[in-house]
Novice: 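Before I ask anything, here is the structure I am working with.
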There are 2 protein chains.
Amino acid sequence: MTSSTTQREYTIKEAATLTGLPASTLRYYESIGVIAPVSRGASSGHRVYDEGDLDQLMWVACLAATGMSVSDMRAYVANGALGPEAARGQVELLSAQARRLAEEAEQIVLRRRYVQIKIDYWHAVESGDGERADLLSGQARALADELRGAAKR
Amino acid sequence: MTSSTTQREYTIKEAATLTGLPASTLRYYESIGVIAPVSRGASSGHRVYDEGDLDQLMWVACLAATGMSVSDMRAYVANGALGPEAARGQVELLSAQARRLAEEAEQIVLRRRYVQIKIDYWHAVESGDGERADLLSGQARALADELRGAAKR
DNA sequence: CTAGGAACTTCAAGTGCTTTAAGTCAAAGC
DNA sequence: GCTTTGACTTAAAGCACTTGAAGTTCCTAG
């Protein structure tokens, strides 16, 4: 499969960013057996992730994002459904993940807008501009509806 | 202000539906002081939400949706009761939230790129295009390198 | 070569809900 | 009148992380 010659290695921080799971969660998953123990640097004892670990973690990240419980994920992994040879389902799962990320990105745009409006609102209040405050209050309300509606999808 | 016409009252279930927060969360928020204690039915002891409670809950629901911590929400609601004098504090809380959201947005951009590369990679493998697969493998590593160099938050 | 700081390590405690257990109350059916 | 149904109550436990403390180790610069 991976016909690449150079097996790149990753720190926990890099693995965290690429999978979207915080480093603390990576350690946690390893500690409770959701993923296999990761090899360590000879002198440092620091975790060293290879491409295979990354692939496995992407899988787990996808499963976690669908709301699968930790014990279910552990069972899934234990059943060997998650080896590097499980390539068939990879694309579907990754595509689902891509969709989720797109939605999440959209959500964050809305949230940032909402927070910005509230900041503007308090600035208006601070400077005694009641008219502008009312206007922004209304905008916040409208956005809140949109936020809620989008979240429920 | 409050016209004594029809001050509608709501059960916890209705409040939950209207705010989008589960009833258990409403009780939880009340128990830890994020919202003021809700009045109770005389005989039943059940919570009875009025319009004011609902308004407050709507704001809290929006803040929660932006990922604001419970203690920040508590501070925010407490400030809100103080009026215009608290504007500076509100802006600080919201600005911190805006920064968190900006960081999150950045992370998601990276994750989306990584997932897309992975998808393309598996498509290439599937169609036997080893050359393209190698290229994409290299891109994934390049992304990690970029992460290493520009990990300046 | 050595000093400083960032990044890593483990372990324990904290957070933010969510679920469960056990019980109360109000209306509907027998 | 009694009982069952169902929504509500609290307190406590559970879950999936998350954060903090205290102690290495790596890297960069002087």
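Everything numeric here is computed off the predicted structure, so don't read it as measured data.
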Novice: Report the distance from atom CZ of B:Arg27 to atom C1' of C:dG16, rounded to the nearest whole Å.
Specialist: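 Between C1' of C:dG16 and CZ of B:Arg27: 16 Å.
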
Novice: Can you give me the N/O atom pairs linking the protein to nucleotides 20-29 of chain C at distances under 3.5 Å, or say none if there are none?
Specialist:
residue : atom : partner : partner atom : Å
C:dA26  : OP1  : B:Ser43 : OG           : 2.8

Novice: OP1, OP2 of C:dT18 versus side-chain N and O of B:Thr25: anything below 4.0 Å?
Specialist: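 Looking at the OP1 and OP2 atoms of C:dT18, one of them is under 4.0 Å from a side-chain N or O of B:Thr25.
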
Novice: Only pairs at least two apart or in different chains count here, so list each salt bridge (Lys or Arg N to Asp or Glu O under 4.0 Å) that has a residue in residues 75-97 of chain B.
Specialist: A:Glu126-B:Arg88

Novice: Atom CD of A:Glu9 to atom P of C:dA7: distance rounded to whole Å?
Specialist: 19 Å

Novice: A:Arg47 side chain: which of C:dT10, D:dC8, C:dT19 is closest?
Specialist: C:dT10

Novice: So if I take every side-chain heavy atom of B:Val70 and compare against D:dT18, C:dT9, C:dC17, which nucleotide ends up nearest?
Specialist: C:dC17

Novice: Looking at B:Thr19 and B:Met58, would you say the former's side chain and the latter's main chain have a donor-acceptor pair under 3.5 Å?
Specialist: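 No: the side chain of B:Thr19 does not pair with the backbone of B:Met58.
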
Novice: Quick one: does any side-chain atom of B:Thr25 pair with a main-chain N or O of B:Leu21 as donor and acceptor, under 3.5 Å?
Specialist: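 No.
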
Novice: Please determine, for the side chain of B:Lys13, which listed nucleotide (D:dC8, C:dT18, D:dT18) has the closest atom?
Specialist: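 Selected nucleotide: D:dC8.
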
Novice: Which whole-number value in Å describes the distance from A:Ile12 CD1 to D:dT18 C1'?
Specialist: 14 Å

Novice: Tell me what B:Ser71 touches on the nucleic acid: a base, only sugar-phosphate, or nothing, going by heavy atoms under 4.0 Å.
Specialist: nothing

Novice: Give the rounded distance in Å between these two atoms: CZ of B:Arg74 and C1' of C:dT15.
Specialist: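 Between C1' of C:dT15 and CZ of B:Arg74: 11 Å.
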
Novice: Tell me: CG of B:Leu26 to P of C:dG16, nearest whole Å?
Specialist: 16 Å

Novice: Counting N and O atoms only, with roles assigned by atom type, does the side chain of A:Asp72 sit under 3.5 Å from a partner on the main chain of A:Ser69, one being a donor and the other an acceptor?
Specialist: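 No: the side chain of A:Asp72 does not pair with the backbone of A:Ser69.
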
Novice: Counting the atoms with a prime plus P, OP1 and OP2 as sugar-phosphate, which does B:Ser24 contact under 4.0 Å by heavy atoms, base, sugar-phosphate, or nothing?
Specialist: base

Novice: Say whether A:Arg100 and A:Gln97, considering side chains only, have a donor N or O and an acceptor N or O under 3.5 Å apart.
Specialist: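 Short answer, yes.
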
Novice: Within the side chain of A:Ser31, is there an N or O that forms a donor-acceptor pair under 3.5 Å with the backbone of A:Tyr28?
Specialist: yes

Novice: Per the salt bridge (Lys or Arg N to Asp or Glu O under 4.0 Å) rule, what does the pair list look like for residues 9-32 of chain B, sequence neighbours excluded?
Specialist: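 For residues 9-32 of chain B, and leaving out neighbouring residues, the salt bridge (Lys or Arg N to Asp or Glu O under 4.0 Å) pairs sorted by first residue read B:Arg8-B:Glu14, B:Glu30-B:Arg47.
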
Novice: side-chain contact (heavy atoms from CB on, under 4.5 Å) with A:Ala102: which residues, sequence neighbours excluded?
Specialist: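 Checked A:Ala102 against side-chain contact (heavy atoms from CB on, under 4.5 Å); matches are B:Arg112.
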
Novice: Using a cut-off of less than 4.0 Å, is there contact between a side-chain N or O of B:Thr11 and OP1 or OP2 of D:dC8?
Specialist: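 It does, given that an N or O in the side chain of B:Thr11 lies less than 4.0 Å from OP1 or OP2 of D:dC8.
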
Novice: Salt bridge (Lys or Arg N to Asp or Glu O under 4.0 Å): which pairs involve residues 32-46 of chain B, sequence neighbours left out?
Specialist: none

Novice: On DNA chain C, does the nearest nucleotide to B:Ala64 precede the nearest nucleotide to A:Ala23 from the 5' side, or the other way round? Give the residue.
Specialist: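 Residue closer to the 5' terminus by nearest nucleotide: A:Ala23.
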
Novice: Measure from OH on B:Tyr28 to C1' on D:dC15 and round the result to the nearest Å.
Specialist: 13 Å

Novice: For DNA chain D, what residues of residues 29-40 of chain B have any heavy atom nearer than 4.0 Å?
Specialist: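 Within this stretch, B:Arg40 sit under 4.0 Å of the strand.
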
